[in-house]
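For reference, the structure is listed below as structure tokens.
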2 protein chains.
Amino acid sequence: MTNKAKEIFRSYLSEKGLRNTRQREVILDAFLAADKHITVEELFNAIKKKNPEIGYATVHRNVSLFCECGLADEMKIGTQKTKYEPKIGHKHHDHLICVKCGRIIEVNDSKIEKLQDKLAEANDFTPVKHRLEIYGICKQCR
Amino acid sequence: MTNKAKEIFRSYLSEKGLRNTRQREVILDAFLAADKHITVEELFNAIKKKNPEIGYATVHRNVSLFCECGLADEMKIGTQKTKYEPKIGHKHHDHLICVKCGRIIEVNDSKIEKLQDKLAEANDFTPVKHRLEIYGICKQCR
DNA sequence: CAGTATCTTGATAATGATTATCATTACACT
DNA sequence: AGTGTAATGATAATCATTATCAAGATACTG
Ligand SMILES: [Mn+2]
Ligand SMILES: [Mn+2]
Ligand SMILES: [Zn+2]
Ligand SMILES: [Zn+2]
């Protein structure tokens, strides 16, 4: 999936008149390699090991770009810092979030998805995306 | 509903060994009177008209208390500042959020609610609350 | 290939909402 | 009324994110 992601990113850049850079390649590789919900800080620290010259702001800027071009999704949960997750190679899903340990379970229910679309339509509303988060206590914390 | 809310708030305070104050009465009244999604800043400005001596931090602190005791719900939407809405006298609902104009439509679908509980249960997860936000384009913006 | 326009970077400062600090005031209970 | 302690209000601190800007890199152009 890495190749497809790079393809998408490069197309987006040229389409917007932006330029590709060594840093962008490094940051995208690191983001795809992490393959989980990750904060900018965590990503920055992972990158720092091999590429200590890349700045925090540059990581920030490029994660925003990943979101813009559809490669990443932003997750703001409670007061935690914003997390990002790759969209390429991952089907859409929602989250069960344990309020005790913070564990995140990924789920999907096609019935709910369909009902959401119906609900939007019934309100003359054209949905573009949604966020469903169920907070509670996970198996391990009970 | 104002009386019930005050009842709940006062019980919570005494239960926690906290004290009631003139400011707390004023802030709770103003919050309940607003009766909509409101930011701390907006609430502060509303209060300032008649009670200019009440500080911003005090409004902040007490809105947090309202959330703790179940009188208010916190809504973090995108990059907007946190909004709060009263829970007393309002049934649970979810939100359709227009990405163009910011309009918020309140909705509820009991089928979705039930399926969410099933989904949680199927994952050995005990739900305590959830958040469903559907982002899209509202009727007026199409 | 060199020239050039403009984008990107990295360091750092600014921003802005939220939270902490702390001296002073006010509450609640005896 | 007296007393212990919580609450307040002004202000500072925090901290993630965003802006700034000089220096460097990139992608064309001829
Ligand atoms: Mn996920
Ligand atoms: Mn609402
Ligand atoms: Zn847990
Ligand atoms: Zn709209």
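No hydrogens, no waters, no symmetry mates; every other heavy atom, side chains included, goes into these values. Below, read A as the first sequence line, B as the second, and so on, with proteins coming before strands; counting in each chain starts at 1. Just so we're clear, the structure is a prediction, and the values are computed from it rather than from any experiment.
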First locate atom CD1 of A:Ile38, then atom CG of A:Leu43, and finally report the distance between them rounded to the nearest 0.5 Å. 4.5 Å

Could you state the atom-to-atom distance from CD1 of B:Ile47 to P of D:dG9 in whole Å? 10 Å

side-chain contact (heavy atoms from CB on, under 4.5 Å) partner of B:Tyr56, the single match among B:Arg61, B:Glu41, B:Lys48: B:Glu41

Note, A:Glu113 side chain near A:Asn108 side chain (heavy atom, < 4.5 Å): yes

Of B:Val59 and B:Gly17, whose closest DNA chain D nucleotide lies nearer the 5' terminus? B:Gly17

Could you work out which one of D:dA7, C:dT9, D:dT5 sits closest to the side chain of B:Arg19? D:dT5

Are A:Glu74 and A:Val63 close enough that some pair of their side-chain heavy atoms sits under 4.5 Å apart? no

According to a strict under-4.0 Å criterion, is B:Thr21 in side-chain N/O contact with OP1 or OP2 of D:dT8? yes

Nearest whole angstrom, please: distance from the C1' of C:dA28 to the CZ of B:Arg10. 15 Å

Nearest-Å distance for atom pair CD/C1', residues B:Glu74 and C:dA17: 12 Å

A:Phe44 CZ to D:dC15 P: how many Å, rounded? 17 Å

Is the distance between the ring centroids of A:Phe66 and A:Tyr84 less than 6.0 Å? no

Distances for protein N or O near nucleotides 17-21 of chain D N or O, under 3.5 Å:
from, atom 1, to, atom 2, distance (Å)
D:dT17, OP1, A:Thr82, OG1, 2.8
D:dT17, OP2, A:His60, NE2, 3.4

As a test of reading the structure: which of D:dT8, D:dT26, D:dG9 is closest to the side chain of B:Glu53, going by heavy atoms? D:dG9

Using OP1 and OP2 only, check whether a side-chain N or O of A:Thr58 sits under 4.0 Å from C:dG10. yes

Write down the distance between CZ (A:Arg22) and C1' (D:dA27), rounded to a whole number of angstrom. 18 Å

Looking at B:Gln23, I'd like to know whether one of its side-chain N or O atoms comes within less than 4.0 Å of OP1 or OP2 on D:dG9. yes

Would you tell me whether B:His90 and B:Glu106 have side-chain atoms, one donor and one acceptor, within less than 3.5 Å of each other? no

So, is A:Asn62 near the phosphate of C:dT9, with a side-chain N or O under 4.0 Å from OP1 or OP2? yes

How long is the gap from CG on B:Asp117 to OG1 on B:Thr126, to the nearest 0.5 Å? 10.5 Å

Measure the distance from CG on B:Leu18 to C1' on D:dG4 and round it to the nearest whole Å. 15 Å

Tell me: CD of B:Glu68 to P of C:dT19, nearest whole Å? 11 Å

Atom CG of B:Leu13 and atom P of D:dT5 are separated, to the nearest Å, by 19 Å

